Amino acid sequence: MEITEIKIFKTNLKAPVLAHANIILDNCFIIRGITLLEGTHGRFISMPSRRLKNRDNNAKISYRDVCHPLNQEVRQNLTEKIFEAYDEFIKIQ
């Protein structure tokens, strides 16, 4: 799998959200809505997710990723490439 394009988008949200990204894989599959975050243990990405319906109004709100890497190696590769693009984006702003 090759990341063939990464687009970074500014956000008006405050910390910890740094930006949002869309990536294209192998020129044939796009993932939109990746969130770039700065946490207490460093920078990380959050994959697009959707809110799950709560059957109990007192239950904690929960989310499920719409798509996500299946192993740590792929997640690390995505994170590195996306933050490289983010760092370049910040340089030209």
Side-chain angles (χ1 to χ4, degrees):
M1 174 188 71
E2 180 184 344
I3 300 171
T4 50
E5 187 175 340
I6 301 173
K7 290 198 179 202
I8 304 294
F9 302 93
K10 284 197 237 183
T11 182
N12 293 331
L13 301 174
K14 299 193 183 219
V17 177
L18 300 173
H20 294 284
N22 295 342
I23 63 171
I24 297 176
L25 305 173
D26 293 334
N27 282 322
C28 63
F29 190 82
I30 188 167
I31 301 173
R32 296 179 185 202
I34 298 171
T35 305
L36 287 69
L37 300 152
E38 179 81 49
T40 55
H41 298 291
R43 303 188 307 179
F44 64 98
I45 60 171
S46 174
M47 299 302 288
S49 60
R50 64 183 171 95
R51 185 176 176 174
L52 298 176
K53 291 182 180 179
N54 291 331
R55 295 175 191 235
D56 177 7
N57 289 337
N58 296 326
K60 180 180 167 185
I61 296 172
S62 56
Y63 294 85
R64 174 166 288 156
D65 285 349
V66 174
C67 57
H68 58 88
L70 294 180
N71 61 53
Q72 188 59 34
E73 180 183 340
V74 173
R75 178 173 289 278
Q76 185 63 35
N77 183 38
L78 285 175
T79 301
E80 288 173 5
K81 299 288 186 189
I82 291 169
F83 275 109
E84 285 174 12
Y86 172 74
D87 291 339
E88 286 297 318
F89 176 81
I90 292 300
K91 284 181 187 177
I92 60 173
Q93 292 297 307

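Throughout, residue positions are numbered sequentially from 1 according to the sequence presented. Please read all numbers here as calculations on a predicted model, not as lab measurements.
Within the 3.5 Å criterion, the main-chain N or O of H68 finds no donor-acceptor partner in the side chain of D65. At distances below 3.5 Å, at least one donor-acceptor pair connects side-chain atoms of N22 with backbone N or O atoms of G33.
The hydrophobic clustering, which links ILVMFWY residues whose side-chain heavy atoms are closer than 4.5 Å, places M1 and I34 together. V66 and F44 fall into different hydrophobic clusters, where Ile, Leu, Val, Met, Phe, Trp and Tyr residues are linked whenever their side-chain heavy atoms come under 4.5 Å apart, directly or through other members.
Membership of the apolar cluster around I30 extends to I24, as traced through chained side-chain contacts below 4.5 Å between ILVMFWY residues.
Shortest non-hydrogen contact noted between R32 and P48 is O-CG, 3.1 Å. Contact detail for I6 and K81: the closest heavy-atom pair is CD1-O, 3.5 Å. For the residue pair I23 and I3, the shortest heavy atom distance occurs at CB-CG2, 4.5 Å.
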> Do F83 and L36 pass the side-chain contact (heavy atoms from CB on, under 4.5 Å) test, and can you show the C-alpha distance, the side-chain angles, and the key distance before you say yes or no?
Replying inline: CA-CA 8 Å; F83 275 109; L36 287 69; 3.7 Å; yes
> Given K10 and I90, is the side-chain contact (heavy atoms from CB on, under 4.5 Å) satisfied, shown in steps?
Replying inline: CA-CA 9 Å; K10 284 197 237 183; I90 292 300; over 6 Å; no
> Please walk me through it: do S49 and R64 pass side-chain contact (heavy atoms from CB on, under 4.5 Å)?
Replying inline: CA-CA 5 Å; S49 60; R64 174 166 288 156; 6.0 Å; no
Donor-acceptor contacts, no H, no angles, side chain residues 11-20, under 3.5 Å, sequence neighbours left out:
residue	atom	partner	partner atom	Å
T11	OG1	L13	N	3.1
H20	ND1	T35	OG1	3.4

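Legend: residues meeting side chain to side chain contact (heavy atoms under 4.5 Å, CB included) with T40, ordered by chain and number and at least two apart, are absent. For the salt bridge (Lys or Arg N to Asp or Glu O under 4.0 Å) test, no residue two or more places apart in sequence or in another chain qualifies with E84. Under the rule for a side chain to side chain donor-acceptor pair (under 3.5 Å), the partners of Q76 that lie at least two apart in sequence or sit in another chain are E80. Considering only residues two or more places apart in sequence or on other chains, F29 meets the side chain to side chain contact (heavy atoms under 4.5 Å, CB included) condition with L25, I31.
At most 12 heavy atoms of other shown residues, nucleotides or ligands fall within 6.0 angstrom of atom CD in E73.
Taking OG of S62 as the reference point, atom CG of L52 lies at 4.0 Å (rounded to 0.5 Å).
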